[in-house]
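Naming convention: chains lettered A, B, ... in sequence-line order (proteins, then strands); numbering from 1 in each chain. These values consider heavy atoms only, across backbone and side chains, with no hydrogens, waters or symmetry-generated copies.
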Amino acid sequence: MTFNTLNYSKMYNRRIAMRKGIGDAFYSLFLLSVLVGIIGLITLLVQVLTEGIPWLSWRFITSFPSRHPQEAGIFSALMGTIWLMGLTAVFTVPIGVGAAIYLEEYAPKNWLTRLIELNIANLASVPSIIYGLLGLTIFVGWMALGRSILAGALTLSLLVMPIVILASREAIKALPLTYREAAYALGATRWQVTKSVVVPAALPGILTGVILAMSRAIGEAAPVIAISALVYLTFIPTSPLDRFTVMPIQIFNWISRPQNEFRGLAAAGIIVLLIILLSMNALAIFLRNRYQVRTEV
Amino acid sequence: MQNSNYLYNSNILEVKNLNVWYRAFQALKEISLSIPRHHVIACIGPSGCGKSTFLRCFNRMNDLIPGTRISGQVLLDGQDIYNSGVDPTEIRTHIGMVFQKPNPFPKSIFDNVAFGLRINGFKGNIKEAVESSLRRAALWDEVKDRLNKSALTLSGGQQQRLCIARAIAIQPAVILMDEPCSALDPVATLKIEDLIAILKEEYTIVIVTHNIQQAARVSDYTAFFTMADDRSGILVEFGKTNEIFSNPKDKRTEDYITGRFG
Ligand SMILES: Nc1ncnc2c1ncn2[C@@H]1O[C@H](COP(=O)(O)OP(=O)(O)OP(=O)(O)O)[C@@H](O)[C@H]1O
Ligand SMILES: [Mg+2]
């Protein structure tokens, strides 16, 4: 159908059908990419679930590792992971958020701060085993912390700190200048502006960054292997200076065994790890919504 | 003419030879004028002539922009607010500001008004102070049942009146308003204009507006700014609003208010 309302329409070569065709082609392409990703994920999940569920039980969660698959469990690794995450959070959150606030609100914008910013962005992409070796040298060696949870947590803190700093900075940067201006115009000092306006408004974003960082830390095996190197642990750590193991190491160990039963145990361990990860992400979403409800509607 | 003593008492703000630079660019050149207490002063002029810059000199908001330099004097009750011993934070408790776009904090209506009270260590009854500020801003009846709701649920006009309530809560002597109605519809604009007429009993108001009729309606005095050849802002004419509008002395003023320019 052609409309003849515009007598200068000859000046255009509109090719509407072709433009729409290109749009449709890209739409199909993107849909396909999404499908490939989802199908891959579902296959993985189905496989892990079918192998792991028969082994999943309360006994599995509360037992120590063993040479006999029927008696083996993930208790010490689970407790090690909880210890490690707790301590890592204690180190990462205040320092990471503090660094982000400093860089955004206080630091002068000069070549030195730009250099620091560039470095933080680069640190986020350094392979994690490098951090493991660094931690082994500094925390286990020089600081003589031994192969302890503390050394592991400090190492993981280095690893995920850039994520927390970057996410928090983005959250702070996203705040409109008008909030700050409004607060300053009421006679607020810089600290009052930061504490009462910037941090509360940026909190959802900061929380998301923290939980993202923790999710990354919880799945890391390489740096923790470098620090802890333990798999058979038949006691629960009771202090930050105790030795420890974590779930990814335990799972890795089970997978590398020849007997088929251990593969089932590994799958069961992966399920527990996934549940923890999903709960953490659910918590992130819950907190974000809660604060957004409080602040926006 | 009045004697100088009377002048000193009646002018709450005095600007003497004010120059402002953003790095190398001079945004305001040799501005001098006196602002009488409990009146409304309108600043008008073409876009980019430095009206906002001028307004932000009074509460030292320009201090927050790196590279800003200033010379000359701004006297608040005879004291130069740019003296080395003066803390801009304190100046801002005496000179409040309402911005072009309503900018309530993403907090409750109550907390928005209470914000200035809390950070300034208000010792009285916060609830009463919040209520009286909201009443004076002609917003109380509309929000009294939803004080704990987020301020962002209010309409644009209500948000702007909330910002006015927030500004007057800390009892400033002067309120600066930078195009406070430019984001509002005519009805909300009228409400703000009515409010300005009431507020001038207690406060001195300096308002920037692009709406010439609005300047004529709400202000007692009008300052007309324009740009010099080097784009820096200059004050062309300052005087009683009815005189400026009925009998402008400068050709540029006349062209602007009759709509032949800008
Ligand atoms: N932060 C800044 N850095 C550099 N130059 C600036 C800055 N703010 C304003 N200027 C310049 O100073 C001049 C005056 O700006 P100002 O915002 O005061 O004008 P205005 O009269 O308020 O304009 P409008 O009516 O459009 O709001 C303009 O030329 C502007 O480009
Ligand atoms: Mg302006």
Side-chain angles (χ1 to χ4, degrees), chain A residues 97 101-114 116-117 168 170-209 286-297, chain B residues 52 55-56 58-67 87-108 111-122 148-154 159 162-163 165-172 175-178 183:
Chain A
V97 176
I101 290 174
Y102 174 76
L103 285 172
E104 284 304 316
E105 298 290 313
Y106 287 85
K109 300 276 174 268
N110 56 26
W111 65 270
L112 184 64
T113 45
R114 269 199 297 279
I116 293 175
E117 286 166 11
S168 306
E170 287 311 315
I172 292 172
K173 227 188 280 202
L175 288 189
L177 182 70
T178 57
Y179 290 159
R180 293 189 183 86
E181 278 188 330
Y184 278 119
L186 289 164
T189 61
R190 198 199 301 235
W191 168 238
Q192 286 176 320
V193 173
T194 305
K195 183 191 67 164
S196 312
V197 177
V198 174
V199 171
L203 203 57
I206 292 177
L207 277 175
T208 311
F286 169 76
L287 287 173
R288 204 170 49 208
N289 289 347
R290 205 184 106 108
Y291 280 102
Q292 268 170 0
V293 166
R294 281 243 315 259
T295 55
E296 265 158 34
V297 177
Chain B
S52 299
L55 206 61
R56 292 161 63 94
F58 290 113
N59 62 346
R60 294 189 59 171
M61 286 299 271
N62 287 329
D63 290 25
L64 299 175
I65 303 170
D87 183 351
T89 305
E90 199 207 326
I91 294 300
R92 293 176 195 139
T93 64
H94 300 302
I95 304 185
M97 189 163 202
V98 176
F99 296 83
Q100 177 168 359
K101 232 181 108 217
N103 59 351
F105 299 120
K107 300 173 186 281
S108 73
D111 285 344
N112 261 280
V113 185
F115 183 88
L117 299 168
R118 291 189 177 128
I119 59 166
N120 286 300
F122 180 66
N148 289 320
K149 290 267 161 59
S150 167
L152 303 178
T153 59
L154 298 173
Q159 287 189 11
L162 180 68
C163 291
R166 180 174 69 182
I168 59 183
I170 58 171
Q171 315 263 13
I175 306 173
L176 310 170
M177 299 185 173
D178 194 350

> Shorter than 4.5 Å, heavy atoms on both sides: which option in A:A182, A:A183, A:P176, A:A188 has the most such pairs with chain B?
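The option with the most such pairs is A:A182.
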
> Taking all non-hydrogen atoms of both residues, which atom of A:A202 and which atom of A:A171 are closest, and how far apart?
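Smallest heavy-atom distance, with atoms named: O-CB, 3.7 Å.
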
> Is the backbone N or O of A:S196 less than 3.5 Å from a side-chain atom of B:K107, with the two atoms forming a donor-acceptor pair by type?
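Pair found, side chain donor or acceptor close to backbone of A:S196.
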
> Using ring-ring contact (aromatic ring centres under 6.0 Å, His included) as the criterion, list what pairs up with A:Y184, not counting sequence neighbours.
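Listed in chain order: nothing, the list is empty.
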
> Is any side-chain heavy atom of B:P172 closer than 4.5 Å to a side-chain heavy atom of B:H94?
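In short, these two side chains do not touch, never coming nearer than 4.5 Å.
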
> Side chain, backbone, both or neither: which part of B:P88 has a non-hydrogen atom closer than 4.5 Å to chain A?
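Looking at B:P88, nothing touches chain A.
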
> If you count heavy-atom pairs under 4.5 Å with chain A, which of B:I170, B:L64, B:T93 comes out on top?
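Heavy-atom pair counts peak at B:L64.
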
> Hey, could you give me the OG/CG distance between B:S108 and B:N148, rounded to the nearest 0.5 Å?
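Those atoms lie 5.5 Å apart.
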
> Without swapping roles, check the side chain of B:D111 against the backbone of B:P106 for a donor-acceptor pair under 3.5 Å.
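A pair under 3.5 Å: no.
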
> Taking 4.5 Å as the heavy-atom cut-off, does anything in residues 102-113 of chain A contact chain B, and if so which residues?
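The list, in residue order, is empty: none.
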
> How far does OH of A:Y179 sit from CZ of B:F105, to the nearest 0.5 angstrom?
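Going from the OH atom of A:Y179 to the CZ atom of B:F105 covers 9.5 Å.
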
> Taking side chain as everything from C-beta outward and backbone as N, CA, C, O, which of these in B:I95 sits under 4.5 Å from a heavy atom of chain A? Side chain, backbone, both or neither.
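The backbone, not the side chain.
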
> Would you call B:R56 and B:D63 a salt bridge, taking side-chain N to carboxylate O under 4.0 Å as the test?
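Salt bridge flag = no for B:D63 with B:R56.
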
